[in-house]
Asks: 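I'd like to ask you about the structure that follows.
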Amino acid sequence: MPTDPNNDPYYRLRHSAAHVMAQAVLEIFPEGKIAIGPPIEGGFYYDFDLPRPLSPDDLEAIEQRMRRIIKGDHSFVYRVVSANEARDLFKDQAYKLELIDGLAQGQDEYGERGSSDTVISTYKHDTFEDLCRGPHLKSTGQIPVDAFKLTSIAGAYWRGDEHRPMLQRIYGTVWNSKDELDAYLWKLEEARKRDHRRLGKELDLFSVSEDVGPGLILWHPKGARIRVIAEDFCRQAHLDNGYEWVFSPHVGRAHLWETSGHLGFYSENMFASMNVEEEEYYVKPMNCPFHIQIYKSHLRSYRDLPLRYAENGTVYRFERSGVLHGLTRVRGFTQDDAHIFCRPDQVEDEISRALDFSLYILRSFGLSDFKAYLSTRPEKYVGDPAKWDTAVEALRRAVDQHAILYEVDEGGGAFYGPKIDLKVNDALGREWQLSTIQFDFNLPERFSMEYIGEDGQPHQPYMVHRALLGSMERFFGVLIEHYAGAFPLWLSPVQAMIIPITDRHIEYAESTADRLQAAGLRVGIDTSKDRMQAKIRRAQLQKVPYMLIIGDKEQSADAVAVRTRSGADLGAIAVDAFIERAQHEAAART
RNA sequence: GCCCACGUAGCUCAGUCGGUAGAGCACGUCUUUGGUAAAGACGAGGUCAUGGGUUCAAGUCCCAUCGUGGGCUCCA
């Protein structure tokens with residue numbers, strides 16, 4: 001996402017670095033074509049059409065030339081040109097010519113309708129002149145020569161359109177000082193260390209098997225343990241908050257998906273059908289039609305509403321191969337899905353409750369930094385506009401009441417209804433979409449859903465889809481990265497590892513483990529032949545919250561020597577006292 | 001799906017100019033029975049992703065397929 005010159009303090013620096021990089025690339029490839037090169041969060045990029053693919057070695061050569069250009073301290077010179085002058089100046093640059101035509105028609109460089117301001121300008125430094133609005137630094141010498149780095153090469157479609165040529169994009173980063181650059185690179189390294197794919201392997205939480213298929217997750221015992229704890233907690237919370245739990249099958253007949261409309265407009269995201277006894281069946285990409293069938297199994301009265309059906313529904317979606325990513329973008333996943341069916345007079349209360357509940361659940365998992373996105377009616381939509389307005393108002397009032405920061409995405413709703421998405425920032429400040437609360441004016445119509453009102457007449461209920469964690473897979477990925485694998489006690493797959501110092505302590509270790517287990521704690525015993533230090537190291541690397549060391553002293557005192565994963569040595573604590581402490585901590589979910 | 005890179009032991013990786021496969025960790029056996037982040041010795045472990053091709057000879061070069069990664073596009 002290109003940044004805005006008005007609120008990005010690095011805009012001039014990064015944009016100038018992009019120009020310098022473009023000059024360096026053109027020096028190496030004089031026949032190369034340049035596209036666009038904006039500053040972005042953390043750095044900049046420039047897109048090129050070059051005669052051959054770039055390799056990482058090229059980046060070094062480009063960096064060298066950039067350093068030379070920076071040291072040359074060439075001024076950035078601004079000038080305004082007419083469209084025809086610009087066309088002449090960039091006559092060999094096809095992409096620039098397309099931009100100039102767009103600018104002449106009041107479009108910005110991304111082909112979007114920009115301001116009516118049709119001034120065409122360029123910035124020139126040294127031998128390189130680029131079509132550009134600026135602003136820039138005064139001269140190339142203001143770029144700190146030791147605070148930039150070209151980071152990667154990627155493919156990118158011209159103007160983001162997959163039907164247009166694939167260009168080569170070079171990403172770089174630049175900062176005001178080497179210290180800033182180092183801090184940025186350190187942060188990247190930290191993010192890499194807590195990458196859920198890496199931790200998933202190191203902590204033995206999950207895997208993906210080539211034989212099973214891409215985007216299909218195998219939950220290992222420790223990962224599954226965390227999921228079971230999370231699911232149990234959420235299921236109980238749903239039951240406590242007015243939801244009814246339901247179960248539905250994984251496949252349904254073609255007719256169901258024709259009625260829902262999925263076969264019409266979602267089929268490219270569905271797994272292929274299977275033929276059973278001359279009938280086509282599809283693996284479900286969504287749970288909604290099933291919950292609707294439960295609703296329709298009776299004639300409903302206005303007195304029955306609201307109905308709130310919740311299910312951890314496993315769905316399969318055929319995602320394009322290039323988009324798959326660890327746990328966060330997969331082909332099979334389990335949604336903590338629920339559908340609320342209600343009367344018009346209940347809409348506002350239901351939305352407010354759903355948002356409230358969502359915040360409660362997410363906070364329970366230690367996530368507290370939220371932002372909401374309210375998406376309103378798009379140009380193409382189904383349903384009654386008056387109902388849309390009611391729905392949008394209900395959503396807006398709910399976010400207002402809960403005092404959450406929110407942005408409005410005008411016209412950003414799905415064709416079937418407006419929605420609120422809740423995004424959370426994790427411990428590294430990265431944003432993840434989790435909860436969604438969406439109205440649906442499409443399915444009640446398609447499935448002819450109704451309830452009998454007070455007036456004895458049939459009415460169409462409001463329908464709301466909502467998922468709080470989103471999918472168990474993605475949420476697990478976010479949790480792993482948020483906690484860097486060091487889960488709070490209540491979620492830790494192994495809460496305490498008992499470490500006998502010698503083999504003669506194993507018997508006492510086992511009886512202690514039994515006591516902890518009977519008290520509801522999840523414990524392991526390291527009976528390997530390693531030395532105590534090695535056992536501690538292993539438990540530490542597995543991020544086990546408590547290490548309980550047992551030797552002669554502890555055995556004779558009915559105690560354990562407690563070490564935390566943060567490295568603190570709490571000394572000997574009586575077994576019963578430790579149990580109480582751990583139970584208390586787990587119950588607090590901190 | 002598209003561009004680029006990558007795929008060698010369970011894991012992390014090395015492998016030069018094409019000449020019969022290497023390390024550390026993990027694993028097994030033995031010695032050691034220890035006090036807060038790795039004791040020592042020995043051993044086993046590989047159809048170099050898969051399938052073709054070039055070559056006297058392929059982990060290495062070429063092609064295809066599958067998978068992974070960084071992006072792009074997509075995520076009604």
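Small disclaimer: the values here were computed from a predicted structure and weren't measured. Quick note on labels: first sequence line is chain A, next is B, and so on, each numbered from 1.
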Asks: Using the C1' atom in both, what is the distance from B/A44 to B/G28, to the nearest Å?
Replies: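 Roughly 7 Å separates the two C1' atoms.
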Asks: Round to a whole Å and report the spacing from CG of A/Asp161 to P of B/C2.
Replies: 16 Å
Asks: Whole angstroms only, please: what is the CD1-P distance between A/Ile499 and B/G35?
Replies: 14 Å
Asks: Going by purine N1 to pyrimidine N3 plus the second Watson-Crick contact, or the G-U wobble pair, all under 3.5 Å, which nucleotide sits opposite B/C48?
Replies: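 With both distances under 3.5 Å required, B/C48 matches none.
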Asks: For B/C4 versus B/G10, give the span between their P atoms, rounded off to a whole number of Å.
Replies: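 Straight-line distance between the two P atoms is 31 Å.
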Asks: What about A/Lys529: does its side chain form a donor-acceptor pair under 3.5 Å with the base of B/U32?
Replies: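 Yes, the side chain and the base share a sub-3.5 Å donor-acceptor pair.
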Asks: Taking atom P in both B/G19 and B/C48, compute the distance separating them and give it to the nearest angstrom.
Replies: 16 Å
Asks: Heavy atoms only, 4.0 Å cut-off, all strands: where does A/Tyr416 land among base, sugar-phosphate and nothing?
Replies: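 Result for A/Tyr416 = base.
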Asks: Provide the Watson-Crick or G-U wobble partner of B/G69, both distances under 3.5 Å; none if there is no partner.
Replies: B/C4
Asks: Whole-Å distance between B/C25 P and A/Arg537 CZ?
Replies: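 A/Arg537 atom CZ is separated from B/C25 atom P by 11 Å.
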Asks: Can you check the A/Gln542 CD to B/A37 P distance for me, whole Å?
Replies: 17 Å
Asks: Could you tell me whether A/Arg169 contacts a base, only the sugar-phosphate backbone, or nothing, with contacts defined as non-hydrogen atoms closer than 4.0 Å?
Replies: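 Sugar-phosphate only.
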Asks: Please state the C1' separation for the pair B/G71 and B/G43 - nearest whole angstrom.
Replies: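 That atom pair is separated by 46 Å.
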Asks: Pairing check on B/G43: which nucleotide meets the Watson-Crick or G-U wobble criteria with it, both distances under 3.5 Å?
Replies: B/C27
Asks: Give one of base, sugar-phosphate or nothing for A/His262, where a contact means two heavy atoms less than 4.0 Å apart.
Replies: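 Base: the residue A/His262, judged by heavy atoms under 4.0 Å, touches a nucleobase.
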